[in-house]
Each structure stands twice: as C-alpha cells, then as structure tokens.
Amino acid sequence: GAGRTFDAPIEATQASVLAAVTRHALKSLVECVRLQTFGRAGYQQMTVDVAFLGPRVRRFVSGDVNGRATAALVEEVRNAAAERSVDPTPLDPVVLARILEFRFK
C-alpha cells in the first residue's frame, strides 16, 4: 500500500521513497535559506551548491511521479537565496562551470 507524508502519496517503491526524502530535505533547505541574509559570496556559494545539486536531484527523482516538482525545489532554493541576498551578483557562467568541473576531477 501507499503511505502518506504531508498529504502526498508515497508509493512503496525505492524511487518514491527516495523522492520523498529528497523533497523533505529540499523543503527544509528552502526554509533555512529564507531565514538567512546573504552577502555576495554567500549568494554565489548557494549558486554553486544549487548547480551541483540540480543534476543529482533530477537523477534521484526521475522515476517518481512527483519528480518534476521535487526537482523544481532546487530552483526554489536559488530563488530564495537571491531574494535574501543584499548583493545577488551571479557568478560568471564560465567560472561556475570551472568550479563544477574541478569538483569532478
């Protein structure tokens, strides 16, 4: 049978359970970000974190019916950080790509 968490059905499959855990973690992260104030460096670090998390979250939740909504929470983290930043100057896309590339070497 299916369980429920916060009124969302959870199927008894690995994909659904992993997506539910990921969804709750991301919702918590969004709320934590909304309680912070970020300077430029903090905002840019959140940008790096979101860019790193995005593909992994999409991979984890791709088999779940709520996967697209869960993946959208990653973008909500970025938006919340931008709203809570006193200087939301984005990283240059080339710099961001090099940071992420360095991480995988």
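For this chain, numbers begin at 1 and follow the sequence in order.
In this structure, CG on Leu73 lies 8.0 Å from CZ on Arg23, to the nearest 0.5 angstrom. To the nearest 0.5 Å, atom CD of residue Gln36 and atom OG of residue Ser85 are 12.0 Å apart.
For the pair Phe52/Leu100, a side-chain contact is recorded, criterion being any heavy-atom separation below 4.5 Å from C-beta on. Counting heavy atoms from C-beta outward, Thr47 and Leu96 have side chains that approach closer than 4.5 Å. Counting only heavy atoms from C-beta outward, the side chains of Ile99 and Leu91 approach each other to under 4.5 Å.
Taking each heavy atom of Phe38 and Tyr43 in turn, the nearest pair found is CB-N, 3.9 Å. Summarising the geometry of Gly39 relative to Val86, their closest heavy-atom pair is CA-CG2, 3.9 Å, with the distance given to 0.1 Å. Residue Ala71 comes nearest to Arg58 through the heavy atom pair CB-CG, 3.7 Å, listed as atom of the first residue, atom of the second, then distance. The two residues Pro88 and Ala82 come nearest to each other via the heavy atoms CB-O, 4.0 Å. For Val77 against Met46, the heavy-atom pair with the smallest separation is CG1-CE, 3.5 Å.
Considering Thr22, Val30, Leu29, Val57 in turn, Val57 is the only one that fulfils the side-chain contact (heavy atoms from CB on, under 4.5 Å) rule with Val74.
Sorted by first then second residue, the salt bridge (Lys or Arg N to Asp or Glu O under 4.0 Å) pairs that include residues 34-52, not counting sequence neighbours, are Glu31-Arg34, Arg34-Glu76.
Take Glu75 and apply the salt bridge (charged side-chain N to carboxylate O under 4.0 Å, His left out) test, not counting sequence neighbours, and it matches Arg78. Taking Thr37 as the reference, Arg84 meet the side-chain hydrogen bond (donor to acceptor under 3.5 Å, both in side chains) condition, with sequence neighbours excluded.
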